[in-house]
Every structure is written in C-alpha cells, then in structure tokens.
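The basis for the numbers below is simple: all heavy atoms, side chains too, and nothing from hydrogens, waters or symmetry mates. A quick note: this is a predicted structure, and the numbers were derived from the prediction, not measured. Letters go in sequence order (proteins before strands), and every chain restarts at 1.
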2 protein chains.
Amino acid sequence: MANPLRRPTTREVAALAGVSVATVSYVLNGKVERVGEQTRRRVLAAAEELGYVRSSSARSLRLRRTERVCLVVGSIGVPAYDQLARDLSDAADAAGHGVLTMVVDSPARADKAVDLLRQHVADGAIIAPSVPYLSPAQLRALADLPLVVMSNAADPDGFDVVRTTEDAACAEALDHLVATGRRRIAFLGHRHELTGELPTERHAAYLAALDRHGLDRRPELVVDGADDRVAAYRSVTALLAGPVRPDAVFAASDRAAISAILALRDAGVAIPDEVAVVGVGNLDEGRITRPPLTTVGPPAMDFHDAARLLFERVLATGERPAGRVITTEWTFIRRGSA
Amino acid sequence: MANPLRRPTTREVAALAGVSVATVSYVLNGKVERVGEQTRRRVLAAAEELGYVRSSSARSLRLRRTERVCLVVGSIGVPAYDQLARDLSDAADAAGHGVLTMVVDSPARADKAVDLLRQHVADGAIIAPSVPYLSPAQLRALADLPLVVMSNAADPDGFDVVRTTEDAACAEALDHLVATGRRRIAFLGHRHELTGELPTERHAAYLAALDRHGLDRRPELVVDGADDRVAAYRSVTALLAGPVRPDAVFAASDRAAISAILALRDAGVAIPDEVAVVGVGNLDEGRITRPPLTTVGPPAMDFHDAARLLFERVLATGERPAGRVITTEWTFIRRGSA
DNA sequence: CTGTTAGCGCTTTCAA
DNA sequence: TTGAAAGCGCTAACAG
C-alpha cells in the first residue's frame, strides 16, 4: 500500500548548493530580484544534478491553490468535447495552468468527481454540456469552487452558466418537419433521456412539438441510440421494420443522425422524400453525408467564452464575480436531409 | 491571483466536537477501533455541520500518495479511449482511487503532462496507445512513477508495456490486398505519421509491404485524414480525382476507413471491386458499413490487462515489479470491404 | 542578497 | 480510548 517514491527535496538541493531552502525556493520560482546570478546558477545546477522535481502537494498546500483546472465531461468520444478540451487547454496554457479531465458516466462517478473537486484537486472546473448524473444539489455543493456550468438547466448560483438557445432551435426544426408534412416523427435519444430519470431539453422539445401540433405521442417511435453510432443505426433499421413507419427522425445528436442517414440509405429509403432526418450539434461531419445533414447547433464549435469565464473566476483576486450567464446562439441549420 | 477558499479544517472540526485533531483524523479515516462510538458520532456531526471536506494536498503530502491515477490520451474523440477510460475507472473504483485524464495533443502539452506527472499529481499513469509527442526520453523521466505504456515502440524500463501484434496483422492485411491484385494502394495516415517527425508502425507496415512486393512508393497516394472523419472523406474524394487512381485504401484508423467507404460510395465506386478498403482498430462501427469494413485489430476492445498492470504497480508495497510486457493479439479481420 | 522560521492541513507515532 | 506533538515539502514574511 505504501509507495513512497523518495524524491529529492528543496532541503537537499539547498544543502548541495550550499544555500538555504528559501534561496532554492526563490530561484525555482523565478524571483530573480531576490537572488544573485552566481547563486542562481549554483542552485539550478544542484537541482539538475539531483533531478529535483517539486512536490505538487506541498506546493498546493502552502499556496492554497493548485494551478490546475478541471474539465468534467460525460464521456470520451463525443466530438464536441474535443474542441472544448482544446479551447480550455489554450486558455490554461496562457494562464500557466494544467488541465485535468474527469469522465462522469454514472451516478457513482458523479459522486467521485464531486468529491475530488471538493477536495480541491483543481482550482476550478468547467462542467461540459450534457453531463448527466450531476445533480443541481451536487453543483451547489461545488459552488465554493470557481465553476462554469454549460447547461440550460442550471441557474447561476455562485457559478457561471453558459447556455444555448437549443430549445428554440429544436422547436424550429420540429416545426419545420411538421410544416413539410411529417406526421410520424421518431425520436432518437440518449439513454438517460429515455429512462426518464434525467429529463433533457431535446426530448422535451420533441414532446412539446408533438403536443403543439396535435400529433400523437407514439412510444414505439422513441428509441435509443444518440450515444452510440452503432446503436443508432440499429434503432433506425428496427424502426423501419416496426409497426409504425416514421416519416422523419429527430436525433438528439448529430452522430446518431448520421447513422440514421446511413441506415436509411442502406434500406433504400429516400432522404428526405420518404424520411427526413434532423440532428443536433452541427458537427462538421454533417457536411459530408448524402444528403448533407440538416441540424440544430451553433454556427461554429467554439468554447472560448466558457474558458474565459472560468479563468476570470480562477484568477480573480478578492471578491468573486457574481454568477453570470452567457448564451450561445443556436439555430436551425437547414441542409439537405430535411 | 489569490483565491484562498477558506474551508474548515480538522482543527475546527475538533474544536466543535470538543476533541483533538487526532481523533478527528481517526474518525474520518474509519479507524473504528481507535475511537468510541459516542465520540465518533460527535465528530461526524461536527464535520457535517461545518461542511468539512479534507484537503487533498495536505493529505497527499502527509501520505506521500494521492490515491489517484492518470490516463494520458492523445485526444478526446477517439472511440477506443472511451473503453480504456471505462476499464481503468472500473479498476480505480475497486482500489478506491480517482481517475484523472490528460490530453496530450502537441509537444508542448506533452511537456506539461510530463511535468504534472513528475510533480506527482497521481500515483501512476497509463499512457494510451498512439499518444504521439511523448518521447522515449520523457517516458524514462517518468520511470519513477508506476507506469503502463501501451505502445509497441517502447521497451519496459522501469515500467510495464502493453503491446499488440498490429505489425504482423497490418502486414497480413496488406499482403491480402496485393494478393487480390491491388497495385495502387493508398495510405490514409495520421498527421504525425505523415510529417515524418514521428514514425508509426502503420505507415511503416505500409511502406514495408510496398517494398516487399516490389510496388512503387507513390507519394501522391499517401494522404492525411486518419485523425478526422471529414478530412478522411475529403482526402479520398481528392484521391479519386487525382493523377493516380488508387485500387485500395489502407487507412490508419477505422474512423478514416469508414469515411473512405462513404466517399467511395458517394463517388459511385464499387467496394471492393474497384477500390478495396482496410482500416485499423476493429471498431464496432465497422460492422454497420456497406460493405462491412475489413480491418485489423483486437478481437474485442478490452483494456483490463493494462489497468490491472497499473494497479499492481501502484498498490505494490516494497519492491517494484520489474518491467513486464503483455501482448494483445491483433488479427486481420476480413469482412466485405477488401 | 540570503537565511531563519512559521506555518499550510493532515496523519501517526508515542504517551497517558 | 484519547491527546500532544512531530513533520510531510514548500513559500513568504521578516530579519539581517
């Protein structure tokens, strides 16, 4: 159980260089004005010789700050998170901070993540969009920590919120489907949307649209697959063979929508003539499908705002900024599939 | 710059409960035999009341151990990493450890990751397959830390190595292409494979196969796209319009191979009759393409071995195990596309 | 310019 | 069963 890697400490570096630990600390932290060039060189040489690496725990304990931020995502393998990670890393680099990512793919992992965050494993965190399993209560428990929550379900409460207008954009997409004569619209959802344990906007938008237009809710048209390309393909294929043949598919993710297009093509179904397809997310990939994917999303994948908000909080000295809200405009992007 | 979240400490909990900090520590660490039931309850109540959360830095400093492990990946958005993260998390849960993920997508980020790891941000790490930009020297610099490196290029040197037989499997796939009459085989590579800065097996296997069979190396058939579905699609489309029309595509990733299939279909090219396609990775997704994707990979995505190796090291008391090598069997998996 | 020293918050001997 | 105290490795007053 014990694994005490014995690494050299500042004390040993100091001894070798013939100076005090304070001097070592000054040199290592670039406080140039505090130490002479000769001494500086001796310390650096000693550190090098011993292979000195500072202990992050000791430093963080003393500083009361880790100089790291955390990105909390729902799964690896979601294309948009890739860009989010990149944008956050860019901001972190600029601030001299590290980035750690945590994957929350179950309620148990959500607890673990909240624990780690509360134990101050990082100075702040971004909760990525669509991380289910993280309850409002858990978010509140984290509010001591600089936090940016990307969610339409959260209200700023000690943390910042980045929202999208996906609600309205989804409604517009669904209205469009109905306006073009679709009456049997299938919904291809995320697992957590369908179990009912965790409500989501996309599913809600779907149900609301049906109601708004006086269409029946048909449970057999609501299927799983938005998390997984293969599941989506199979769900759509099964739908085609099912009791109610859909004339449109509204997929809660572009990945699933793309699978839907493939499944429909493979089944010889004309898109959009026989079945229309709409996705959510505006992935680049939607531009290379045949027909190109009609979707709902931001004009471009860009998460600099969220990253900026986080670092404003993390680096803030004195009073914390009040909870802010930034809204990213999402629109209905009509291409060929609907 | 300062953000000293003032959180309650064991001292405050102790004061409120009317006991010493030692007792608080005993209670919080479940040393039931060391403290009476009455006291235990009082301490727990006090901690609850104050909203006490222990400081991970202070604890790690004292323990000389973080009870966290790190997963180092090359990018988010690679499907296989998803399973790897899951398998590692399962093992970590069992050991009561947390999992942090670091994304290394440039040489600068590699440096940063190595720094963090050396500063002991975690008790051990798995370096995922195909994380470019991490040099052998950097790996060696990390050898103090329990480490599992998933790479065929690394030799165990204070750390464990998980290898695959992808070399042989790729060779077999390429031999198959040649045996079935392919003479103009295109290579769809990762960016870092093509710049030449970082050699990889898949590209090497490709070149070796050409040489082995006396085929010309044609630079115009070596294109980029294995990192990115859209780029892959465009590369293949461009290839079709280029000076040398390929009769096979060997893609360094299944994602790219799938894009290749789509591009070929959209161009009205018959697969495999006119152009054969082979991928690498054996993603499930290869089963739903038309035709199903011929590929090279493991029989199933399973990274429990790597996780087990890591925790054997992390939890090892006393002598470190010597560097071990585990080899995962990869095979040529012939489906319809070649 | 450099050193002495007091903690950061926690765990764990050792003594009572 | 509980407490006093040492110290993990580091930084930053403060003193010289």
*State plainly whether the residues A:Asp160 and A:Arg313 are in salt-bridge range, i.e. N to O under 4.0 Å.*
yes
*A:Gln83 and A:Arg86: side chain donor to acceptor below 3.5 Å*: yes
*Using a 4.5 Å cut-off on heavy atoms from C-beta on, say whether the side chain of B:His97 contacts that of B:Asp123.*
yes
_B:Arg62 vs C:dT12: side-chain N/O to OP1/OP2 distance below 4.0 Å_ = no
*Kindly point out which of D:dA12, D:dT11, D:dG9 is positioned nearest to the side chain of A:Lys31?*
D:dA12
*Measure the distance from CG on B:Asn29 to C1' on C:dT13 and round it to the nearest whole Å.*
15 Å
*Counting just side-chain N and O atoms, does A:Arg54 come under 4.0 Å of either OP1 or OP2 of D:dG9?*
no
*When the C1' atoms of the five terminal pairs at each end define the local axes, what inter-axis angle does the helix from C:dC1-D:dG16 to C:dA16-D:dT1 show, to 10 degrees?*
40°
_How many whole angstroms separate atom CZ of B:Arg11 from atom C1' of D:dA5?_
12 Å
*Just by distance, with hydrogens left out, do B:Arg64 and A:Ser57 show a side-chain donor and acceptor under 3.5 Å apart?*
no
*asked:* What is the distance, to the nearest angstrom, from the CZ atom on B:Arg40 to the P atom on D:dT1?
replied: 13 Å
*Check every strand shown and say whether B:Ser55 touches a base, only sugar-phosphate, or nothing at a heavy-atom separation below 4.0 Å.*
sugar-phosphate
*Is the closest side-chain heavy-atom distance between B:Met150 and B:Ser130 below 4.5 Å?*
no
_Counting only side-chain heavy atoms from C-beta out, which of D:dC8, D:dC10, C:dC10 sits nearest to A:Thr9?_
D:dC10
Could you tabulate the donor-acceptor pairs under 3.5 Å formed by side-chain atoms of residues 103-114 of chain A, not counting sequence neighbours?
| from | atom 1 | to | atom 2 | distance (Å) |
| --- | --- | --- | --- | --- |
| A:Asp105 | OD1 | A:Arg109 | NH1 | 2.9 |
| A:Ser106 | OG | A:Ala108 | N | 3.4 |
| A:Ser106 | OG | A:Arg109 | N | 3.1 |
| A:Arg109 | NE | B:Asp93 | OD2 | 3.2 |
| A:Arg109 | NH2 | B:Asp90 | OD1 | 2.9 |
| A:Arg109 | NH2 | B:Asp93 | OD2 | 2.8 |
| A:Asp111 | OD1 | A:Gln138 | NE2 | 2.8 |

Give me, pair by pair, the N or O atoms of the protein and of nucleotides 3-5 of chain C that are less than 3.5 Å apart, along with how far apart they are.
| from | atom 1 | to | atom 2 | distance (Å) |
| --- | --- | --- | --- | --- |
| C:dG3 | OP2 | A:Ser20 | N | 2.9 |
| C:dG3 | OP2 | A:Ser20 | OG | 3.3 |
| C:dG3 | OP2 | A:Thr23 | OG1 | 2.8 |
| C:dG3 | O6 | A:Tyr26 | OH | 3.1 |

*Write down the distance between CZ (B:Arg41) and P (D:dT1), rounded to a whole number of angstrom.*
15 Å
*B:Asn29 and B:Arg59: side-chain donor and acceptor closer than 3.5 Å?*
yes
_Given D:dT11, C:dT12, D:dG9, the nucleotide with the shortest approach to the side chain of A:Ala58_ = D:dG9
*Side-chain H-bond candidate by donor/acceptor type, B:Thr23 with B:Arg40, under 3.5 Å*: no
*Judged by atom type as modelled, is there a donor-acceptor pair below 3.5 Å linking the side chain of A:Thr66 to the main-chain atoms of A:Ser60?*
no
